[in-house]
Trainee: 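Here it is, the structure in full.
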Amino acid sequence: MEPPALPAHPVPGPVRDDAPAQVASTVSAAGTSAQREYERRSQRREQQVRSRHPLLGGLILALGEEPATTRVWAQGARGERAVAAKLDGLDDVTVLHDRVRRHPDGRLSRANIDHIAITPSGVWVIDAKTHQGELEVRRSGGFLTARQERLYIRGRDQTKLLDGLAGQVADVTAALHAVDAAVPVRGALCFVGTELPWFGESINGVPLVGRRGLARLLKRNGDLGPDDRQLLAEFLATRFPPATG
């Protein structure tokens, strides 16, 4: 069943009794898809090791360390859960965790959106990151050349993180645009365990924040009342289903 169309400017009013999906019935726990990917990779490694070494497979697994490409998924799941714990305690904010992305043509993607927050100031798409080390934005260019901003963490160029977030924001924007919902959609990168600049930072207009900084962003005043936010949350929960499959 297709989700209901939103008016260009959501009109406050009681939630309809015939709404096709309540937010509470479409809940997905934060980190679900990352944790599942970690378990899948870990189980595949165990099967391969035990198959190659029938007698000593258990010992090899006990003494060996999981590859970084596997551990990173467990780390990501922990980061998403940490961000969710902060978001779920905010007043006047409804958050959808771990949602499956849907392309503008309606197809579901294998990728996910960590968190979608519906706030008085609009919709925020939040990508949780757990990179270790110091974060900095390096800026170049000026009067005679194009100004450039690049994101570095622990001395490594991580500007590509912005591309992933931009795609998620575009998906949510397209979903709301398709039903003429004139609601601002913004993106933010939220870092857990990363050394952030003391006075905050952003890159190309995208906030680079920790959990407390993210909470301050989402608590900004805006024009969306409780009923507007509920309607938006119901629509987005249906458009971007939980990553439980």
Side-chain angles (χ1 to χ4, degrees), residues 28-42 66-90 93 95-101 109-119 123-139 148-173 185-219 240 242-243:
S28 180
T32 297
S33 55
Q35 182 66 33
R36 188 169 59 242
E37 180 63 17
Y38 164 73
E39 293 171 355
R40 185 185 70 81
R41 289 171 177 252
S42 182
E66 288 185 318
T69 53
T70 297
R71 297 196 308 272
V72 69
W73 290 97
Q75 178 178 310
R78 290 193 296 270
E80 290 181 39
R81 289 193 291 265
V83 173
K86 186 67 173 181
L87 297 180
D88 288 340
L90 300 179
V93 175
V95 187
L96 307 174
H97 301 299
D98 204 355
R99 317 305 291 196
V100 178
R101 290 177 61 178
S109 169
R110 295 184 61 183
N112 77 311
I113 299 175
D114 292 345
H115 315 278
I116 303 174
I118 300 90
T119 78
V123 175
W124 285 86
V125 178
I126 303 153
D127 203 356
K129 298 299 179 185
T130 57
H131 293 67
Q132 303 295 309
E134 182 179 0
L135 179 149
E136 62 175 321
V137 177
R138 299 181 185 177
R139 296 177 171 89
Q148 291 187 346
E149 297 183 336
R150 301 199 68 82
L151 173 62
Y152 282 79
I153 304 175
R154 203 174 183 177
R156 297 182 61 183
D157 191 335
Q158 298 288 353
T159 310
K160 63 183 179 181
L161 298 180
L162 295 169
D163 297 334
L165 177 64
Q168 297 172 34
V169 171
D171 288 350
V172 175
T173 300
V185 180
R186 306 176 183 90
L189 290 174
C190 184
F191 294 89
V192 177
T194 308
E195 299 173 31
L196 300 174
W198 183 259
F199 295 105
E201 187 59 279
S202 65
I203 179 170
N204 298 329
V206 175
L208 309 174
V209 295
R211 284 165 285 178
R212 285 185 292 182
L214 178 63
R216 289 193 292 270
L217 278 179
L218 302 188
K219 290 193 292 186
F240 299 95

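The structure presented is a predicted model; accordingly, all values stated were derived computationally and were not measured.
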Trainee: Any idea which heavy atoms bring L214 and A188 closest together, and the distance?
Mentor: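 Scanning both residues completely, I find the closest heavy atoms to be CD1-CB, 4.4 Å.
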Trainee: A side-chain contact here means heavy atoms from C-beta on lying under 4.5 Å apart; do H131 and L161 qualify?
Mentor: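 Counting from C-beta outward, H131 and L161 do come under 4.5 Å.
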Trainee: Could you work out, with salt bridge (charged side-chain N to carboxylate O under 4.0 Å, His left out) as the rule, every residue matching K129, not counting sequence neighbours?
Mentor: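 Partners of K129 under the salt bridge (charged side-chain N to carboxylate O under 4.0 Å, His left out) test: D127.
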Trainee: Taking all heavy atoms of V100 and all of P242, pick out the closest pair and write down the distance.
Mentor: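 Result for this residue pair: CG2-O, 3.9 Å.
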Trainee: How about I118 and L96: do any of their side-chain heavy atoms sit closer than 4.5 Å?
Mentor: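 Side-chain contact under 4.5 Å: yes.
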Trainee: Within the 4.5 Å heavy-atom criterion, are L162 and I203 side-chain neighbours or not?
Mentor: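 L162 vs I203: side chains touch.
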Trainee: Got a second to check how far L87's CG is from I116's CD1, nearest 0.5 Å?
Mentor: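 Output value for this atom pair is 12.0 Å.
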Trainee: What are the two closest non-hydrogen atoms of Q168 and D114, and how far apart are they?
Mentor: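 Closest approach of Q168 to D114: OE1-N, 4.4 Å.
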Trainee: Flag the pair F191 / L135 as yes when at least one side-chain heavy-atom distance between them is below 4.5 Å, and no otherwise.
Mentor: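 Yes - at least one pair of side-chain heavy atoms lies under 4.5 Å apart.
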Trainee: Who pairs with R186 by side chain to side chain donor-acceptor pair (under 3.5 Å), at least two apart in sequence or on another chain?
Mentor: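 Listed in chain order: nothing, the list is empty.
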Trainee: With T173, which residues qualify under side chain to side chain contact (heavy atoms under 4.5 Å, CB included), at least two apart?
Mentor: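 Per chain and number, T173 pairs via side chain to side chain contact (heavy atoms under 4.5 Å, CB included) with V169, V185.
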Trainee: Locate the shortest heavy-atom distance separating H115 from A128; write the atom from each residue and the value.
Mentor: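 Smallest heavy-atom distance, with atoms named: NE2-CB, 4.1 Å.
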Trainee: For atom CZ of R138, is the number of surrounding heavy atoms from other residues, nucleotides or ligands below 6.0 Å larger than 12?
Mentor: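 Atom CZ in R138 is crowded, with more than 12 foreign heavy atoms closer than 6.0 Å.
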Trainee: Shortest non-hydrogen contact from V125 to L165?
Mentor: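 Taking V125 first and L165 second, the nearest heavy atoms are O-CD1, 3.6 Å.
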Trainee: Is any side-chain heavy atom of V137 less than 4.5 Å from a side-chain heavy atom of L208?
Mentor: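 Yes, close enough: below the 4.5 Å cut-off.
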Trainee: Salt bridge (Lys or Arg N to Asp or Glu O under 4.0 Å): which pairs involve residues 195-212, sequence neighbours left out?
Mentor: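 Every pair satisfying salt bridge (Lys or Arg N to Asp or Glu O under 4.0 Å) with a residue in residues 195-212: R139-E201.
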Trainee: Check whether any side-chain heavy atom of K219 lies under 4.5 Å from a side-chain heavy atom of L90, and answer yes or no.
Mentor: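 The answer is yes; the side chains approach within 4.5 Å.
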Trainee: Mind checking side chain to side chain donor-acceptor pair (under 3.5 Å) for D88 and listing every partner two or more places apart, or none if nothing turns up?
Mentor: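 Residues passing side chain to side chain donor-acceptor pair (under 3.5 Å) with D88: H97.
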Trainee: Counting only N and O atoms by type, is there a donor-acceptor contact under 3.5 Å from the side chain of E149 to the main-chain atoms of N204?
Mentor: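 Such a contact is found between E149 side chain and N204 backbone.
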Trainee: Heavy atoms only: give me the nearest L189-V206 pair and the separation to one decimal.
Mentor: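 That closest heavy-atom pairing would be N-CG1, 4.2 Å.
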Trainee: D157: which residues meet the side chain to side chain donor-acceptor pair (under 3.5 Å) condition with it, sequence neighbours left out?
Mentor: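 Scan of D157 (side chain to side chain donor-acceptor pair (under 3.5 Å), adjacent residues dropped) gives R150, T159.
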Trainee: Any side-chain heavy atom of F240 sitting closer than 4.5 Å to one from N112?
Mentor: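 Not touching, per the 4.5 Å side-chain cut-off.
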Trainee: If we only count heavy atoms from C-beta on, is the W124 to L217 side-chain gap below 4.5 Å?
Mentor: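 The answer is yes; the side chains approach within 4.5 Å.
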